[in-house]
2 protein chains.
Amino acid sequence: MGITKSEVFKKRQNHMATLAKAFDHPARVAILEYLLTNRTCITNDLVNQLPLSQSTISQHLKELKQIGIIKGEVEGPKLNYCIDEKVWEEARDVFINFFAKYVPKNCC
Amino acid sequence: MGITKSEVFKKRQNHMATLAKAFDHPARVAILEYLLTNRTCITNDLVNQLPLSQSTISQHLKELKQIGIIKGEVEGPKLNYCIDEKVWEEARDVFINFFAKYVPKNCC
DNA sequence: AACCATTATCGTAATATTGCGTTATAACGA
DNA sequence: TCGTTATAACGCAATATTACGATAATGGTT
């Protein structure tokens with residue numbers, strides 16, 4: 001149905017799924033990469049960098065902000081986006097922890 | 001449009017987005033967690049564990065298999081799923097690398 | 001062969017996502 | 001005040017995803 005039955009899953013599982021959404025679209029990966037290398041970004045810079053319209057980019061930024069992994073600050077007529085350190089590290093820990101759970105074994 | 005313009009993004013970005021899809025739904029996180037602790041699984045076990053129908057679970061398994069992060073082996077009338085070590089480690093590297101790109105700074 | 005258990009596939013419905021054009025909105029400078 | 005610029009918000013269309021019941025398909029068992 002396109003509707004995720006999140007209520008039947010554990011909080012941790014929903015949380016990871018939410019965080020993963022920050023990386024599950026190439027445009028969002030590109031935006032995050034831009035933020036990582038440029039430390040800060042203004043939407044208009046992204047419009048010049050990415051082959052997407054301004055409104056589409058704004059929407060991706062909104063989603064990233066909802067997830068919490070980025071935050072924006074008004075700077076005159078512009079908006080200064082940057083990575084939210086706390087959430088970033090939280091996401092990093094969640095993923096690294098998850099990946100660490102795997103212990104190779106010749107099972108199949 | 002619901003259609004992702006993947007052709008305009010870099011391979012790396014699309015690759016990460018694809019891998020992230022393995023984790024962007026709580027049911028898939030739950031399936032992977034089950035595989036992590038049980039090392040192996042038969043679909044029917046999951047049907048008993050998760051509050052989702054058999055067909056829905058089968059679909060999630062199919063997607064995980066398409067991503068490549070799990071693989072399945074026929075075992076009589078059953079199917080034995082397990083984590084694909086190579087892809088798992090590849091995903092781990094991609095994510096860890098990405099997370100490592102962030103250097104905290106008081107920017108905003 | 002008939003039957004059972006297990007899993008995949010199909011069809012369908014509901015909802016979500018992606019993308020864009022267009023229209024606000026807000027801040028600055030002339 | 002009036003443009004100009006930068007962003008957000010709205011609304012639409014197209015496609016994707018999620019979920020399930022029903023139906024196949026597969027392999028083993030009797």
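The basis for the numbers below is simple: all heavy atoms, side chains too, and nothing from hydrogens, waters or symmetry mates. So you know, we letter chains A, B, ... as the sequences are listed, proteins then strands, and number each from 1.
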Participant: At 4.0 Å (heavy atoms only), tell me whether B:Ile42 reaches a base, stays on the sugar-phosphate, or touches nothing.
Facilitator: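 Sugar-phosphate only.
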Participant: If the condition is side-chain hydrogen bond (donor to acceptor under 3.5 Å, both in side chains), which residues does A:Thr43 pass it with, not counting sequence neighbours?
Facilitator: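 Listed in chain order: nothing, the list is empty.
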Participant: What is the distance from CG of B:Asn44 to C1' of D:dG28, rounded to the nearest Å?
Facilitator: 15 Å
Participant: Does a donor on one side chain and an acceptor on the other come within less than 3.5 Å for A:Ser53 and A:Thr56?
Facilitator: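 A donor-acceptor contact under 3.5 Å links the two side chains.
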Participant: Ring centroid separation for A:Phe95 and B:Phe98, is it under 6.0 angstrom?
Facilitator: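 No, the ring of A:Phe95 stays outside the 6.0 Å limit from the ring of B:Phe98, centre to centre.
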Participant: Over how many whole Å does the gap from A:Asp45 atom CG to D:dT7 atom C1' extend?
Facilitator: 13 Å
Participant: If I take atom NZ in residue B:Lys5 and atom C1' in nucleotide D:dT15, what distance separates them, rounded to the nearest angstrom?
Facilitator: 15 Å
Participant: I need the CZ-C1' distance between B:Phe9 and C:dG19, as an integer number of Å.
Facilitator: 10 Å
Participant: I'd like to check the side-chain hydrogen bond (donor to acceptor under 3.5 Å, both in side chains) partners of B:Asp84; sequence neighbours left out, ordered by chain and number.
Facilitator: none
Participant: Quick one: side-chain hydrogen bond (donor to acceptor under 3.5 Å, both in side chains) partners of B:Asn14, sequence neighbours excluded?
Facilitator: none
Participant: Where along residues 21-33 of chain A does a heavy atom fall under 4.0 Å from DNA chain C?
Facilitator: A:His25, A:Arg28
Participant: Just the table, please: protein N/O against nucleotides 28-30 of chain C N/O, every pair under 3.5 Å.
Facilitator:
none

Participant: Nucleotides 8-14 of chain C: which of its N/O atoms have a protein N/O under 3.5 Å away?
Facilitator:
residue, atom, partner, partner atom, Å
C:dA8, OP1, B:Tyr81, OH, 2.4
C:dA8, OP2, B:Ser58, OG, 3.0
C:dA8, N7, B:Gln54, NE2, 3.0
C:dA8, N6, B:Gln54, OE1, 3.1
C:dA14, N3, A:Met1, O, 2.1
C:dA14, N3, A:Gly2, N, 3.4

Participant: Please give, in whole Å, the distance from C:dT7 C1' to B:Asn48 CG?
Facilitator: 14 Å
Participant: Can you name the side chain to side chain contact (heavy atoms under 4.5 Å, CB included) partners of A:Lys5, sequence neighbours left out?
Facilitator: A:Glu7, A:Val8, B:Leu52
Participant: Partners of A:Glu33 by salt bridge (charged side-chain N to carboxylate O under 4.0 Å, His left out), sequence neighbours excluded?
Facilitator: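 B:Arg12, B:Lys101.
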Participant: Could you pull out all residues at least two apart from A:Lys21 that satisfy side chain to side chain contact (heavy atoms under 4.5 Å, CB included)?
Facilitator: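 Side chain to side chain contact (heavy atoms under 4.5 Å, CB included) check on A:Lys21 returns A:Asp24, A:Ile67, B:Asp24.
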Participant: Rounded to the nearest Å, what distance is computed from the CD atom of residue A:Glu7 to the C1' atom of nucleotide D:dA19?
Facilitator: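 One finds 12 Å between C1' of D:dA19 and CD of A:Glu7, rounded.
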Participant: Give the rounded distance in Å between these two atoms: CD of A:Glu73 and P of C:dA27.
Facilitator: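 Between P of C:dA27 and CD of A:Glu73: 15 Å.
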Participant: Using side chain to side chain contact (heavy atoms under 4.5 Å, CB included) as the criterion, list what pairs up with B:Ala30, not counting sequence neighbours.
Facilitator: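 For B:Ala30, the residues satisfying side chain to side chain contact (heavy atoms under 4.5 Å, CB included) (neighbours in sequence not counted) are A:Phe9, A:Gln13, B:Leu50.
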Participant: Partners of A:Gln59 by side-chain hydrogen bond (donor to acceptor under 3.5 Å, both in side chains), sequence neighbours excluded?
Facilitator: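 Per chain and number, A:Gln59 pairs via side-chain hydrogen bond (donor to acceptor under 3.5 Å, both in side chains) with no residue.
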Participant: Suppose we screen for side chain to side chain contact (heavy atoms under 4.5 Å, CB included). Which residues come up paired with B:Asp45, at least two apart in sequence or across chains?
Facilitator: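 Residues passing side chain to side chain contact (heavy atoms under 4.5 Å, CB included) with B:Asp45: B:Tyr34, B:Ile42.
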Participant: Find the distance B:His60:NE2 to D:dA16:P and express it as a whole number of Å.
Facilitator: 18 Å
Participant: Please tell me which of A:Ser6 and B:Thr4 maps to the more 5' nucleotide of DNA chain D, matching each residue to the nucleotide holding its nearest heavy atom.
Facilitator: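 Taking each residue's closest nucleotide, the earlier one in sequence belongs to B:Thr4.
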